[in-house]
Structure formats: structure tokens, C-alpha cells
Amino acid sequence: MEALIDILALAATAHVIVEFLQSLDIPLFNRKPFNCNLCAGFWLALIPGFTMYDIWGIPFAALTAIASEMIYKILNRL
């Protein structure tokens, strides 16, 4: 259960960071991983995933990236 909360928290954080960086409209942030929820979610969760779950940090980061992209898709439908 704790891992699920960690995944959702990091996914939401990645989404907020991407939205914030896109609102700044700086050309440096107009490329990956700064404008892609999937990329930002993966890179944001990789280091915490390795520190908490060792080698299982890679699937943890992948699930975080997918959750971040799902948050983005759901919010765009509203």
C-alpha cells in the first residue's frame, strides 16, 4: 500500500512540475523531459525508487511515469 501511495505522489508531483515548467514558456524547457509527463515521471521517480526499492526502482519509476501520463490524459478530458 505504501508503494502505491509513493507512486501516486510522485506521479502527481511530476505532472505539476511539467505543467509549471510549460507555463513559464522558456525555450530551454520546451523539450523532453521537461514537456513530457511520461519522461518527467520516470526521471523524477528513478532516484527515490532506487533508494527505497533497490533494483525494483526501475519498475517503480516506470509505473510512476505511466500514472503521471494517466493523470495528464484524465485532466485533459475534463
Side-chain angles (χ1 to χ4, degrees):
M1 187 66 175
E2 180 182 336
L4 181 62
I5 294 170
D6 291 339
I7 288 170
L8 291 176
L10 284 170
T13 303
H15 176 73
V16 168
I17 287 172
V18 168
E19 290 296 320
F20 174 72
L21 291 177
Q22 289 303 304
S23 71
L24 294 177
D25 201 30
I26 297 174
L28 174 68
F29 296 138
N30 202 14
R31 58 183 170 175
K32 289 185 179 185
F34 304 115
N35 67 349
C36 172
N37 279 292
L38 195 69
C39 301
F42 180 79
W43 291 113
L44 180 72
L46 197 60
I47 293 174
F50 271 127
T51 58
M52 291 187 291
Y53 303 111
D54 292 328
I55 195 67
W56 288 100
I58 295 171
F60 174 82
L63 287 172
T64 302
I66 292 169
S68 179
E69 185 69 21
M70 288 175 59
I71 290 171
Y72 172 73
K73 298 274 185 186
I74 289 170
L75 288 177
N76 273 343
R77 284 195 318 188
L78 295 177

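Side chains are part of it too, since the values below use all heavy atoms of this structure and drop only hydrogens, waters and symmetry mates.
Other residues, nucleotides and ligands contribute more than 12 heavy atoms inside 6.0 Å of the CG atom of Leu75.
The distance from the CG atom of Asn30 to the CG atom of Asp25 is 7.5 Å, given to the nearest 0.5 Å. A distance of 4.0 Å separates CD1 of Ile58 from CZ of Phe50, quoted to the nearest 0.5 Å. The NZ atom of Lys73 lies 12.5 Å from the CD1 atom of Ile66; values are rounded to the nearest 0.5 Å. Between the CG atom of Asn35 and the CD atom of Glu19 there is a distance of 11.0 Å, given to the nearest 0.5 Å. Distance check: Ile74 CD1 to Glu69 CD gives 10.5 Å after rounding to the nearest 0.5 Å. Remark: Ile71 CD1 to Asn76 CG distance equals 12.0 Å, nearest 0.5 Å.
Linking ILVMFWY residues whenever their side-chain heavy atoms come closer than 4.5 Å, directly or via other members, places Phe20 and Leu28 in the same cluster. Residues Ile5 and Leu10 fall into different hydrophobic clusters, defined by Ile, Leu, Val, Met, Phe, Trp and Tyr side chains chained together at heavy-atom separations under 4.5 Å. Follow the hydrophobic side-chain contacts under 4.5 Å out from Ile55 and you reach Tyr53 in the same cluster. The hydrophobic cluster containing Trp56 also contains Leu44, counting ILVMFWY residues as joined when their side-chain heavy atoms lie under 4.5 angstrom apart, directly or transitively.
Ring geometry for Tyr72 against His15 counts as tilted: the plane angle lies between 30° and 60°, on a 0 to 90° scale.
Closest of all the heavy-atom pairs between Cys36 and Val18 is O-CG2, 3.9 Å. Here the closest non-hydrogen pair linking Ala14 and Gly41 is CB-CA, 3.6 Å.
With sequence neighbours left out, Phe42 forms a side-chain contact (heavy atoms from CB on, under 4.5 Å) with Leu46, Ala61, Ala65. Under the side-chain contact (heavy atoms from CB on, under 4.5 Å) criterion, Ile7 pairs with Phe60, Leu63, Thr64, Ala67, not counting sequence neighbours.
Although no hydrogens or angles enter the test, the distance criterion places a donor-acceptor pair under 3.5 Å between the side chain of Gln22 and the main chain of Phe29.
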